[in-house]
Amino acid sequence: MSRFVRLAFRSSAVALALTSTLAAAPQVEAAAGDAPAVVVSDWSGRGEVAYASCPQGTSLVGGGYDSNPDHLGSGVIADAVNTNAPSASRPNTWAVRMDRGQVKAYAMCSRDSSNAPAVVVSDWSGRGEVAYASCPQGTSLVGGGYDSNPDHLGSGVIADAVNTNAPSASRPNTWAVRMDRGQVKAYAMCD
């Protein structure tokens with residue numbers, strides 16, 4: 001069974017998403033020069049939130065996750081990551097939650113604490129609609145993420161997916177998120 005890590009990096013024009021297979025992750029990864037340090041949480045409990053917090057004197061500039069989803073008896077994945085965004089309740093922290101499985105949260109922490117992006121959070125979207133989080137005038141979009149409330153089958157298995165999690169193509173300076181059938185919140189990181 002492979003697990004995947006998804007990291008959203010701060011960039012001057014766009015947030016990048018990288019996917020790579022991970023054998024084992026250290027709790028803190030050293031970074032060269034001015035590159036962000038990476039802080040890794042412990043594995044969450046099943047269906048619980050994992051938080052990775054940047055140390056004092058650093059700023060959260062991105063994040064991502066490693067997941068261990070639930071599978072049906074046939075081996076089909078019956079799970080999804082429902083939250084992958086800056087925490088709305090814990091400053092300088094990346095939050096990740098899986099519907100039924102376990103997750104690790106990864107926080108990218110800049111050594112320049114004066115350069116911390118502000119976080120803008122949308123309201124919950126309508127079912128199957130796009131949620132938009134727009135950066136205030138005078139700031140620039142540098143990353144984003146989502147929280148979701150997916151549809152489930154009667155057996156509790158997720159019957160939904162986040163289909164959009166990216167800078168908006170139609171709205172400048174805005175992060176857009178859409179779920180196929182459920183509701184989502186968009187998170188914009190603004191600098």
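A quick note: this is a predicted structure, and the numbers were derived from the prediction, not measured.
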Donor-acceptor contacts, no H, no angles, side chain residues 156-167, under 3.5 Å, sequence neighbours left out:
{"unit_1": "D160", "atom_1": "OD1", "unit_2": "D180", "atom_2": "N", "d": "3.3"}
{"unit_1": "D160", "atom_1": "OD1", "unit_2": "R181", "atom_2": "N", "d": "2.8"}
{"unit_1": "D160", "atom_1": "OD2", "unit_2": "D151", "atom_2": "N", "d": "3.1"}
{"unit_1": "D160", "atom_1": "OD2", "unit_2": "R181", "atom_2": "N", "d": "3.4"}
{"unit_1": "D160", "atom_1": "OD2", "unit_2": "G182", "atom_2": "N", "d": "2.5"}
{"unit_1": "N165", "atom_1": "OD1", "unit_2": "W175", "atom_2": "NE1", "d": "2.8"}

Between N173 and S140, is there a side-chain heavy-atom distance shorter than 4.5 Å? yes

Just how far is it from atom CG of N68 to atom CE of M98, taken to the nearest 0.5 Å? 8.0 Å

If you look at every heavy atom in S41 and A52, which pair is closest and at what distance? N-CB, 4.1 Å

side-chain contact (heavy atoms from CB on, under 4.5 Å) filter on S168, not counting sequence neighbours, yields Y132, S170, R171, T174, A176

Between A50 and A105, the two heavy atoms sitting closest are O-CB, 3.5 Å

Closest heavy-atom contact between M108 and V38? CG-CG2, 4.5 Å

According to disulfide bond (SG atoms under 2.5 Å apart), does anything in residues 126-191 pair up with another residue at least two apart or in another chain? List the pairs. C135-C190

Kindly write out the residues that satisfy side-chain contact (heavy atoms from CB on, under 4.5 Å) with P172, not counting sequence neighbours, or none if the list is empty. none

In short, salt bridge (Lys or Arg N to Asp or Glu O under 4.0 Å) pairs touching residues 128-149 with sequence neighbours left out are R97-D147

Using modelled atom types and a 3.5 Å cut-off, is there a donor and acceptor pairing between side-chain atoms of Q183 and backbone atoms of G126? no

Do V61 and P117 touch side chain to side chain, with heavy atoms closer than 4.5 Å? yes

Can you sort out the partners of D123 under side-chain contact (heavy atoms from CB on, under 4.5 Å), two or more places apart, ordered by chain and number? none

